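This is a predicted model, so every value here is computed, not measured. This chain uses plain numbering: 1 for the first residue, then up along the sequence.
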Amino acid sequence: EDNSKPTDEQLNALESQANTLESNNQVIQTRIKLYGSTAEQLEYIVENGVDAFVTKQQQIKSDNPKG
C-alpha cells in the first residue's frame, strides 16, 4: 500500500483544475440565463430569424468566455 502524500505541485495543479471548473460552471450558468428558455429562444428565432439568433448566441458566448 502506497501511503505517500501528494507533492505541493500536484496539489496546486488539482486546485487550479478545480478553480477552472468552478469558474466555467459560473460562466455556463450565466449563459443559460442569458439564452433564455427554449420558448424564448424559439420566439426570438421567429421574430428575428435564425441568423440573428446565431449572432446573439455567439455574442453571449463571446461576452462570457470559459477559462
Write out all pairs satisfying side-chain hydrogen bond (donor to acceptor under 3.5 Å, both in side chains) with one or both partners inside residues 20-29, taking only residues at least two apart or from two chains.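 For residues 20-29: none.
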Pairs involving residues 57-67, ordered by first then second residue, that meet side-chain hydrogen bond (donor to acceptor under 3.5 Å, both in side chains) (sequence neighbours left out):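 Qualifying pairs: Gln59-Asp63.
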How is the hydrophobic cluster of Leu34 composed, in terms of its other members, when Ile, Leu, Val, Met, Phe, Trp and Tyr link through side-chain heavy atoms under 4.5 Å apart, directly or indirectly? Tyr35, Ile60
Side-chain hydrophobic cluster, 4.5 Å single linkage: members besides Phe53: Tyr44, Ile45, Val50, Val54
Listing, residues 8-17 side-chain donor-acceptor contacts under 3.5 Å, not counting sequence neighbours, or none:
residue: Gln10; atom: OE1; partner: Thr7; partner atom: N; Å: 2.8
residue: Gln10; atom: OE1; partner: Thr7; partner atom: OG1; Å: 3.4
residue: Asn12; atom: ND2; partner: Asp8; partner atom: O; Å: 3.2

With sequence neighbours excluded, tell me which residues meet side chain to side chain contact (heavy atoms under 4.5 Å, CB included) with Ser37. Ala39, Glu40
